[in-house]
4 protein chains.
Amino acid sequence: MTDPARHASVGIEANRGPSAAGGDTGVTEAVQKTVRKRDSAGTRARILNVATREFANRGYEGARTDDIADRARINKRMIYHYFSSKELLYLAVLEAAYERARSAEQKLDLDTLEPIEALTRFTEFTFDSFVRDRTFINLLATENRQRAKVLKKSARVNMMNSPVIDAIARIITRGHAEGTIRDGLDARQLWVTIIGICYFFFSNVYTLSVIFDADMESPEHIAERRAHVVEFVVRGVKA
Amino acid sequence: MTDPARHASVGIEANRGPSAAGGDTGVTEAVQKTVRKRDSAGTRARILNVATREFANRGYEGARTDDIADRARINKRMIYHYFSSKELLYLAVLEAAYERARSAEQKLDLDTLEPIEALTRFTEFTFDSFVRDRTFINLLATENRQRAKVLKKSARVNMMNSPVIDAIARIITRGHAEGTIRDGLDARQLWVTIIGICYFFFSNVYTLSVIFDADMESPEHIAERRAHVVEFVVRGVKA
Amino acid sequence: MTDPARHASVGIEANRGPSAAGGDTGVTEAVQKTVRKRDSAGTRARILNVATREFANRGYEGARTDDIADRARINKRMIYHYFSSKELLYLAVLEAAYERARSAEQKLDLDTLEPIEALTRFTEFTFDSFVRDRTFINLLATENRQRAKVLKKSARVNMMNSPVIDAIARIITRGHAEGTIRDGLDARQLWVTIIGICYFFFSNVYTLSVIFDADMESPEHIAERRAHVVEFVVRGVKA
Amino acid sequence: MTDPARHASVGIEANRGPSAAGGDTGVTEAVQKTVRKRDSAGTRARILNVATREFANRGYEGARTDDIADRARINKRMIYHYFSSKELLYLAVLEAAYERARSAEQKLDLDTLEPIEALTRFTEFTFDSFVRDRTFINLLATENRQRAKVLKKSARVNMMNSPVIDAIARIITRGHAEGTIRDGLDARQLWVTIIGICYFFFSNVYTLSVIFDADMESPEHIAERRAHVVEFVVRGVKA
DNA sequence: AATGAATGAGTATTCATTCAT
DNA sequence: GATGAATGAATACTCATTCAT
């Protein structure tokens, strides 16, 4: 609560969040080592980062509060101090993940692009975001398994996704006006479709690798998939 | 081991497997009540049915062997008698699910339809199968969370999906020859795309319901989604 | 109950009992394979052989009735048919082991040897019997851990050891008469001492190997130990 | 972690360890009652004491973690908190037992006695230590039944026994020089022999009692045995 | 703010034994 | 005589959470 420089770094850390498919999030935990003791925001952020990784990799039930405490190098009691319970920690993780996804989407600036190009860009962006980091996919898989039991309790996530859907709606309207985008397209449906085409390959990459007896995570398979997806979406929306 | 009538009923039960999105499978457990005692195949099938439901609804870690035993109305020890361990029981469940999916696909008779019609039919079939039963989706979510750790051990699942992919390849060839299907389509990619477009909506129906603040499982939403998906796929493949 | 040839082989099998320090007893189980079915004595003997091995290698608590049944290639129910319970099976194993030990000792013919030579012979015999087979040592370790709870119930083992002690008493008397054996030796004490000097090395060969960081079961270590033991006993009894 | 008085008492408790042949160790568990709660070293020591008793009396497989927890009046979870697993707890018990045995031997001061007297003293000490407490014998029996599987993992026990063997070596040298001890004695062999002569009577006291139909633990039998053993060892080593 | 000891309900798995054929 | 299915009590170990400092 005293050193502003430290606060700054914490802020960045909190923003970045976990990345990398399933490995280490590469977050700045180690950097904190020297300072510590009575670093409220830092401790909270460190817990949240580690918890994100653990919940994503092991699911809600599989994640262990003990492990989270150990890996965040904090006392287990602190989890309860900052988040009250495992479930509320998990909810904070979910909300942060949605928040990260939304803020990333908003940097896309789709309105400045031609309609087809804008949708291409959005598709590629979605696909590439899953290449970089499957944390969000994993969290959603866990949350849907428990029928959004926890997410339902969130007051913050509701409607968070609308900005990008609004953007897609504007693209459709523009494209329709200029005759490049076909009739009968609903923004929400299109959003679900684009996300879904990208999503399934990554959410199921391990079982697909088994049934196709190949490493679907290899750069070649990913590149092939990416090209197919983009082409398919463009065909699907063209007038 | 002597009464063929009993065997027949068991066979049917074993074939049917669990259905219904997330609730009770309504399988013939109750019917067995009268027979029971020393009904080896029946006991095994009952365990497998209940286990399918439990693993699908609660995930691998969340499923309890105690609950499975109770709900199958067998002694817990029997699980180990027939399946050796929770993991091998789960593997048996996975294999049976793949087997059911494959044998359902094979009844489609896609080769007798016009190419576009055949792909429409396959898309509708895939979509509708998820409407009826999300067991398989849930099992796949669980299995991908653990990086197909268990499925990898299966000697049976490998390449099980090829028949339908071969059928899609034949459709593409036919459509290409007659000029109704576009160039550059790979059967496997198309299979992943069609499954994926259908899949995502159902695998994430609970979180989508929260963020859209609507019951996406309602008949209206499902019908709307179905129409969009079919139209999108047709557009995506047309010449 | 019909083929006398088969019976003969069974008798031999029952006599031989298990051998080899900790490995397979090398008994004739495989030979039985062809005949079988309704071979009462053979089944009983096979159970007893396998049980001896299992109890010796794993202790009373560690031995599994399932394993015994599997390895004897009989139905588990047969154990109860022939022996009533795990405990009574174990008692039968113990009694058979004592019986084997006793009948082996009786072949020594110590009365025909010079006193010192006779005790040397008995010491070597005892030592060598442990080299060949530690089954008896292991059974005794298990039984003493449970304070002879089971052996106490035996009506047969009581005083079984006296023949050899009588023999030792006669040796002492003879040696005393001719002046080769010292005064003050009690046959029973001497018996315990000779057995004990041989026994400890073998009963504790694994922990001794750890604390001496050497394989005490190697031929060299055994030979060195044997020489020391024999020399020590001779010195200990000489006039 | 602040009160040195508590620490001191814990230290003493940890030193004493369990005693008494097979009954209760009578350790200071009751004394702790008043202090308790958040007494880390005390809890650990109490677990170790009770575990020593249980493993000695029931063997590794026979000992129950539940019982150990109950009798140490701690929560079962604490066993895992302090020792990680039943096996590592058992290893800690073994190491502590070896440590106690070694430190007891070192108080013998054999170098100040005449050679024969020193060996007499060592023999009596060994014999008497078994009269007082058969814990170590029981632990060794258990550990040898599992072929020192656990002890092998110890980094501490290796060569722990050398001090006393060195002392015996010095005795032999001295006795040889002054002509009281015979030729050809190896210190390690002699150590095994002396321990062994004492050990067998106690390790097998229950089965010996059955076959001799007498209570070999009675003072008379023990005294008779002690005299025989000492005499035998002296005869065995004399020049 | 931070720590580490302590807890009770639970979790997969095992085991000797009995039942029905 | 022989079989394999079925059982209930238990066994080592785990987990989210709270207490005392």
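Being a predicted model, the structure only gives us computed values, none of them experimental.
Across the protein-nucleic acid pair, Asp70(C) atom CG and dT3(F) atom P stand 12 Å apart, rounded to whole Å. Between Glu61(C) atom CD and dT11(F) atom C1' the separation is 12 Å, expressed in whole Å. For the pair Lys86(A) NZ and dT18(F) P, the computed distance is 14 Å after rounding to whole Å. Atom P of nucleotide dA12(E) and atom CD of Glu54(B) are separated by 11 Å, given to the nearest angstrom. Counting to the nearest Å, the C1' atom of dT7(F) and the CD1 atom of Ile47(B) are 13 Å from each other. Between Asp66(C) atom CG and dA6(F) atom C1' the separation is 13 Å, expressed in whole Å. Atom CZ in Arg58(D) sits roughly 14 Å away from atom C1' in dT11(F) (whole-Å rounding). As a whole-Å value, the separation of Asn75(A) CG from dC19(F) P is 15 Å.
Between Lys76(C) and Lys76(D), the residue whose closest nucleotide on DNA chain F is further toward the 5' end is Lys76(C). For Glu87(B) and Tyr82(D), each mapped to the nucleotide of DNA chain E holding its nearest heavy atom, the one lying further toward the 5' end belongs to Tyr82(D).
When all heavy atoms of Ala56(B) and Leu139(B) are compared, the closest pair comes out as N-CD2, 3.8 Å. Nearest heavy-atom pair, Ala63(B) versus Phe55(B), reported as atom, atom and distance to 0.1 Å: CB-CD2, 3.5 Å.
The cationic atom of Lys86(C) (NZ for Lys, CZ for Arg) lies less than 6.0 Å from the six-membered ring centre of Tyr60(C) and within 45° of the ring axis.
Counted by atom type alone, Tyr90(A) and Thr142(A) present zero donor-acceptor pairs between their side chains at under 3.5 Å.
Residue contacts for Ala69(C): at a heavy-atom cut-off of 4.0 Å it reaches no nucleic acid atom on any strand shown. Counting any heavy atom pair closer than 4.0 Å across all strands shown, Phe83(B) reaches no nucleic acid atom.
Glu143(B) places a side-chain N or O within 3.5 Å of a backbone atom of Leu151(B) that can act as its donor or acceptor partner.
Under the Watson-Crick or G-U wobble criterion, with both distances below 3.5 Å, dA16(F) is paired with dT7(E). Pairing partner, dA12(E): dT11(F), with both Watson-Crick or wobble hydrogen-bond distances short of 3.5 Å. Under the Watson-Crick or G-U wobble criterion, with both distances below 3.5 Å, dT21(E) is paired with dA2(F).
Residue Thr65(B) has no polar side-chain atom (N or O) positioned under 4.0 Å from OP1 or OP2 of dT11(E). For the pair Tyr80(B) and dC15(E), the criterion of a side-chain N or O lying under 4.0 Å from OP1 or OP2 is not met. Applying the 4.0 Å criterion to OP1 and OP2 of dA2(E), one finds that Thr43(A) has a side-chain N or O inside that range.
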>> As a quick check of understanding, evaluate side chain to side chain contact (heavy atoms under 4.5 Å, CB included) for Leu48(A) and Leu89(A), giving each step before the final call.
In response: CA-CA 7 Å; Leu48(A) 200 61; Leu89(A) 169 59; 4.2 Å; yes
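For Ser40(B), whose side chain is taken as the heavy atoms from C-beta onward, the closest listed nucleotide among dA5(F), dT11(F), dT3(F) is dA5(F). For Arg64(C), taking side-chain heavy atoms from C-beta onward, the closest of the listed nucleotides dT3(E), dA16(F), dC15(E) is dC15(E). Checking dA2(E), dC13(F), dG8(E) against every side-chain atom of Arg77(D), the shortest atom distance belongs to dG8(E). Closest to the Met78(C) side chain, of the nucleotides dA2(F), dA16(F), dT7(E), is dA2(F).
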